[in-house]
Every structure is written in C-alpha cells, then in structure tokens.
S.K.: 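So that we are looking at the same thing, I have put the structure below in structure tokens.
Below, chains carry the letters A, B, ... as their sequence lines are ordered, and counting in each starts from 1.
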There are 2 protein chains.
Amino acid sequence: MKSERISELITNRLSIYLRCLNEMAAAGEKTVSSERLAERFHLNSAQIRKDLANFGEFGTRGVGYYIDSLREHLTKILGLDKDHRICIVGSGRLGAALADYHGFRDSNFQIVALFDSDPEKIGRKIGDVEIFDIKNFSSVAKRDKIEVAVIAVPAEAAQAVLEKVTKAGIKAVMNFAPIPLKANDDVKVKTVDLTSSLESLSFFLAGGADQAVNGLKPNVKRRRKEYVVKNKR
Amino acid sequence: MKSERISELITNRLSIYLRCLNEMAAAGEKTVSSERLAERFHLNSAQIRKDLANFGEFGTRGVGYYIDSLREHLTKILGLDKDHRICIVGSGRLGAALADYHGFRDSNFQIVALFDSDPEKIGRKIGDVEIFDIKNFSSVAKRDKIEVAVIAVPAEAAQAVLEKVTKAGIKAVMNFAPIPLKANDDVKVKTVDLTSSLESLSFFLAGGADQAVNGLKPNVKRRRKEYVVKNKR
DNA sequence: TGATGTGAAGCGGTTCACAGCC
DNA sequence: GGCTGTGAACCGCTTCACATCA
C-alpha cells in the first residue's frame with residue numbers, strides 16, 4: 001500500500017539514471033544538469049527532476065547535480081549498496097539459460113540456487129549452481145539467505161510456485177511465466193512476458209493499428225459511424 | 001504515427017486474452033463473458049470490452065463472446081496467422097541462451113540466424129542455428145526473410161546494431177541491451193531491461209517508498225514542509 | 001544567469017455506469 | 001435478464017512554465 005507511493009516507472013528510470021551517471025563518472029565528469037541527462041535518453045528534463053525530488057533535494061540551482069553525490073544517493077535508494085541473493089525456480093531451458101547468463105555476475109545480484117521438481121535434475125549443477133528439490137524450498141531459501149525468486153516454470157505451475165515462495169518469506173519475484181499472477185500486497189512481482197512482447201511486435205508487423213476498426217472482418221457489423229470517426233484520430 | 005493509435009498496453013493484453021481463450025477452447029468451452037474473462041486475470045471487464053472494441057464488435061449482447069470466433073479474430077489481429085522469422089544479434093551468453101531457449105519453437109516464431117562480430121564464433125552453431133558475420137547482416141536477412149531482430153549485444157554496441165538492422169529493412173526489434181534506443185518512427189522497438197527490472201525489485205526490498213522524502217541523507221535540507229506532507233499521501 | 005523544484009495543465013489509460021440490444 | 005459497447009468521470013503520469021535560489 002504505502003509501498004505503492006513510488007511507481008515502478010520511477011524506479012526503472014532511477015536505475016537507468018544511475019547507469020548513466022556511472023558512465024559519466026567513469027569519464028571523469030563532475031556535474032550534470034537534468035537537461036543534459038535528459039538528452040542522453042531522449043526524455044523530458046522535468047521528469048528527471050521530479051523523479052529525484054521524490055527522495056530529497058539533491059541538486060544545486062544554477063549548477064545541476066554533483067555526479068558522485070547523486071550516484072551515492074541513487075545507489076542507496078535502489079538498495080544496490082547491499083548484495084542480493086537470487087534463486088531460479090524451474091531448471092528447464094529458460095531457467096538454465098538464465099542461470100548460465102552471467103549478466104548479473106558482476107553486479108551485486110548473485111544466483112545461488114536452482115529449484116526443480118524433476119527427480120532426474122535434482123542434485124545436478126548448471127554452471128556452479130546446484131539444483132535443489134522444490135519441496136525443500138523453504139529450508140534452502142533460509143539457509144542461503146535468498147531474497148529474490150525468479151519463476152521460470154510453465155504457466156500452469158507458476159501460481160503455485162509463487163505461493164510456495166511467498167510462504168517461505170520471499171518478498172521479491174521476477175516472473176517469466178506468460179501468465180498474470182496474483183500476489184500478496186507485501187510481495188513485489190515483476191512479470192517479464194517474452195511471448196506477449198513478441199506478439200506485440202507481430203501485431204505491429206501485421207499492419208498494426210491500420211487494421212483497427214476499419215480492416216473489419218465480414219461478420220462484423222458497423223453502426224454509429226460517428227464513433228468510428230472519433231476513434232480514428 | 002497512426003501506428004500509435006493502438007498502444008502497446010492493449011496489444012500485450014490482446015496477447016494474454018488470446019492465450020486464455022485458447023485454453024478455454026481446449027477445455028471445450030463455447031462462449032465467455034468479459035466479466036468471466038476478467039476474473040481470470042484479476043482485471044476490469046470494461047477494459048477487455050474496450051480493448052476488443054478497438055477492432056470491431058465481436059460480442060453478442062446477452063451472451064458474451066463466442067470463443068472460437070474471437071480466437072480467430074485475435075489471431076489475425078496479432079498477425080499470428082503467419083509465421084515470423086527471427087534473428088538474434090549477439091551470440092554472447094544472453095544471445096546463446098535465447099537461441100537455446102525453445103520457448104518460441106512451438107509458436108509461429110522461429111529463430112533462423114545468429115549474428116556476431118567475433119571471427120572466432122562466426123560459422124559455428126548454437127543448437128542448429130548458425131552464427132553469421134554481422135557484416136553480412138543485410139544479405140542474410142534478405143535471403144532468410146528475417147522480420148524480427150533481437151538485440152543481445154553489450155549496451156555500447158546496441159545503438160549501432162539497431163541502425164544496421166534498420167538499414168536492412170527490419171521493422172521490429174526486441175532489445176535486451178540495458179539502454180534506451182533511438183529508432184525511426186516506422187521501426188518498433190521493445191526493450192526488455194532485465195537489470196533495471198531487478199534493480200526495481202531491489203528498491204522494493206530496500207524499503208521501497210518508505211525511504212522516500214523522509215529517509216533523508218544528512219546533506220539534504222528540508223524546507224517547505226507542506227509539500228512533503230502533500231507528497232506523503 | 002542558469003538550473004532546480006514544483007504547482008498546474010495536459011494527456012492517456014482505466015473504471016464507472018448505463019443505454020442499447022439479444 | 002444478461003451482457004456488450006461506450007460516454008463520462010476518474011486517476012496517474014508527463015510536460016509545461018515559472019518562482020526560487022546558488
């Protein structure tokens with residue numbers, strides 16, 4: 001509830017700002033204005049100022065933001081001053097791919113465990129990450145201090161997995177199953193739906209909005225022309 | 001421009017509706033009301049009706065939607081009645097993982113080529129997909145009738161790759177590089193930023209909005225209490 | 001002067017509520 | 001009676017515009 005005061009749109013942008021600031025710091029720059037930052041990602045400068053203003057007054061009028069200081073603030077705000085331990089539930093192709101994708105390795109996110117229900121797989125390793133029995137989720141999660149669960153199981157199993165990890169006290173979940181999940185208020189779920197992302201692209205390729213309302217199928221009747229016109233623009 | 005009349009939020013939902021309808025059809029159901037569909041994904045029924053109304057009048061008052069008929073319409077609208085050929089640019093860990101992830105195999109999306117700039121990798125295969133020299137992108141893309149490019153290269157290289165595939169006539173791009181890209185108006189780019197998704201979760205774990213405005217750092221001055229209070233709620 | 005911080009306006013998406021139709 | 005299709009209200013995010021301050 002109160003945790004909804006800051007929207008996900010904002011936190012996503014904070015993450016992007018921080019990445020950019022890190023680059024600038026590496027390039028030896030000292031200060032940056034919201035205007036210049038905005039240019040970097042074709043974005044509005046007022047938005048950047050407003051995003052930052054949610055957390056305090058970090059800027060200096062007439063100057064801009066001191067890069068090092070702002071980096072520190074954002075790092076703390078995003079909780080990136082601490083390490084986070086992740087597990088992946090589901091060691092099928094996607095789960096295995098994610099475990100093997102070292103994209104997070106150099107960050108403070110670390111994949112420390114995999115889970116599966118298939119007895120064939122339990123005990124094996126992918127890279128140097130062991131696959132555990134999902135039945136033991138709670139104890140392994142506690143022992144290994146896991147904070148984030150990545151759901152990479154088929155759609156049918158995803159809701160049950162969410163409930164299982166929730167019971168074990170997990171508060172942050174990244175869901176790759178192509179299905180909307182119902183979670184407790186105190187659990188944050190981010191769904192990444194690759195299939196519907198692709199299908200959105202397909203829609204665009206198929207002619208996108210051009211077919212809307214007008215590219216009608218034979219069995220669709222048309223009345224009320226005035227609405228059609230309104231929708232058009 | 002006109003292609004922006006239908007938002008991505010809508011197309012994402014259409015994709016989800018279709019998946020649900022397919023399941024229902026498989027279960028032998030014939031009709032469904034927007035209300036019942038809405039329950040399935042904890043969502044508002046008016047929204048479903050409005051989404052569908054963008055494309056015609058598919059429902060029957062007093063009855064609901066005929067599942068088979070609606071499936072056909074949505075399949076056509078999303079362009080899923082045709083096959084789509086995909087390539088992945090970047091055969092590093094992420095690219096290889098995606099190539100090896102068969103999640104799309106049983107759909108009408110097919111991964112037909114990989115591209116890389118590393119001479120070591122060119123000519124090899126991942127699964128049964130060959131890695132080509134990015135220099136030959138244009139000719140390979142034309143020969144293999146590639147419609148969608150997946151960008152899985154480091155952030156620094158992503159914009160250049162986008163420009164290269166755009167020049168080759170690609171109109172739909174899925175970007176995994178953690179950086180916002182600038183594209184032509186007639187090219188659709190979907191960015192999936194796993195890092196900023198994770199960092200959003202980290203924000204939530206770190207206390208989320210609780211730290212906003214109030215969890216202030218020493219060097220942040222506070223004036224104008226009235227705004228603070230306003231922001232608080 | 002130059003850039004922040006922010007009220008107010010603008011815009012787009014969601015939800016409500018109900019007229020219209022089966 | 002039941003459910004769609006949709007104007008109107010609502011809500012939240014974005015952009016504008018400017019007072020404020022180093």
S.K.: Rounded to whole angstroms, how far apart are CD on B:E35 and P on C:dA17?
M.R.: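 Rounding to the nearest Å, CD of B:E35 and P of C:dA17 are 14 Å apart.
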S.K.: Hey, which of A:N54, A:L14, A:I77, A:D51 is the one that makes side chain to side chain contact (heavy atoms under 4.5 Å, CB included) with A:I6?
M.R.: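 The residue from A:N54, A:L14, A:I77, A:D51 that satisfies side chain to side chain contact (heavy atoms under 4.5 Å, CB included) with A:I6 turns out to be A:N54.
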S.K.: With rounding to the nearest 0.5 Å, note down the distance linking CD in A:E29 to CZ in A:R36.
M.R.: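 A:E29 atom CD to A:R36 atom CZ measures 5.0 Å (nearest 0.5 Å).
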S.K.: Between C1' on D:dA22 and OH on A:Y65, what's the gap in Å once rounded to a whole number?
M.R.: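 Computing the A:Y65:OH to D:dA22:C1' distance gives 14 Å.
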S.K.: If only side-chain N and O atoms count, and only distance matters, is there a donor-acceptor pair under 3.5 Å linking B:D81 with B:T75?
M.R.: no
S.K.: Rounded to the nearest 0.5 Å, how far does CG of B:L52 lie from CD of B:E57?
M.R.: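 These two atoms lie 11.5 Å from each other.
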S.K.: Within less than 4.0 Å of OP1 or OP2 of D:dT4, is there a side-chain N or O belonging to B:S34?
M.R.: yes
S.K.: Tell me whether the side-chain N or O atoms of B:R49 pair up with the base of D:dG5 as donor and acceptor below 3.5 Å, since no angle test is needed here.
M.R.: yes
S.K.: So, do A:C87 and A:I111 sit near enough that their side-chain heavy atoms are less than 4.5 Å apart?
M.R.: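 SC-SC contact between A:C87 and A:I111 ruled out.
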S.K.: Starting at atom CD of B:E57, determine the distance to atom P of C:dG20, rounded to an integer number of angstrom.
M.R.: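 Computing the B:E57:CD to C:dG20:P distance gives 14 Å.
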S.K.: Looking only at N and O atoms, is any donor in the side chain of A:R61 or the base of C:dG2 less than 3.5 Å from an acceptor on the other one?
M.R.: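 No, the side chain and the base share no sub-3.5 Å donor-acceptor pair.
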S.K.: For B:Y66 and D:dC3, is the shortest distance between a side-chain N/O and OP1 or OP2 below 4.0 Å?
M.R.: no
S.K.: Under 4.0 Å between a Lys/Arg side-chain N and an Asp/Glu carboxylate O for A:E23 and A:R40?
M.R.: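 Yes, charged N to carboxylate O under 4.0 Å.
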S.K.: Set out, line by line, the N/O atom pairs under 3.5 Å between protein and nucleotides 12-15 of chain C.
M.R.:
unit_1	atom_1	unit_2	atom_2	d
C:dT14	OP1	B:R13	NH1	3.0
C:dT14	OP2	B:R13	NH1	3.4
C:dT14	OP2	B:R13	NH2	3.0
C:dT14	OP2	B:Q47	NE2	3.0
C:dT14	O5'	B:Q47	NE2	2.9
C:dT15	O4	B:K50	NZ	2.9

S.K.: What integer distance in Å separates A:I48:CD1 from D:dT15:P?
M.R.: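 Rounded to the whole Å, the gap is 11 Å.
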S.K.: So which of B:L70, B:D68, B:I67 actually passes side chain to side chain contact (heavy atoms under 4.5 Å, CB included) with B:M24?
M.R.: B:I67
S.K.: Nearest whole Å is fine: how far is D:dT6 C1' from B:F58 CZ?
M.R.: 16 Å
S.K.: Quick one: label B:S45 by what it contacts on the DNA or RNA (base, sugar-phosphate, nothing), any heavy atom closer than 4.0 Å.
M.R.: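 Since no nucleic acid heavy atom lies under 4.0 Å of B:S45, the category is nothing.
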S.K.: What is the separation between atom CG on B:L52 and atom C1' on D:dT6, rounded to the nearest whole Å?
M.R.: 13 Å
S.K.: Using whole Å, report how far CD1 of A:I67 lies from P of C:dT4.
M.R.: 12 Å
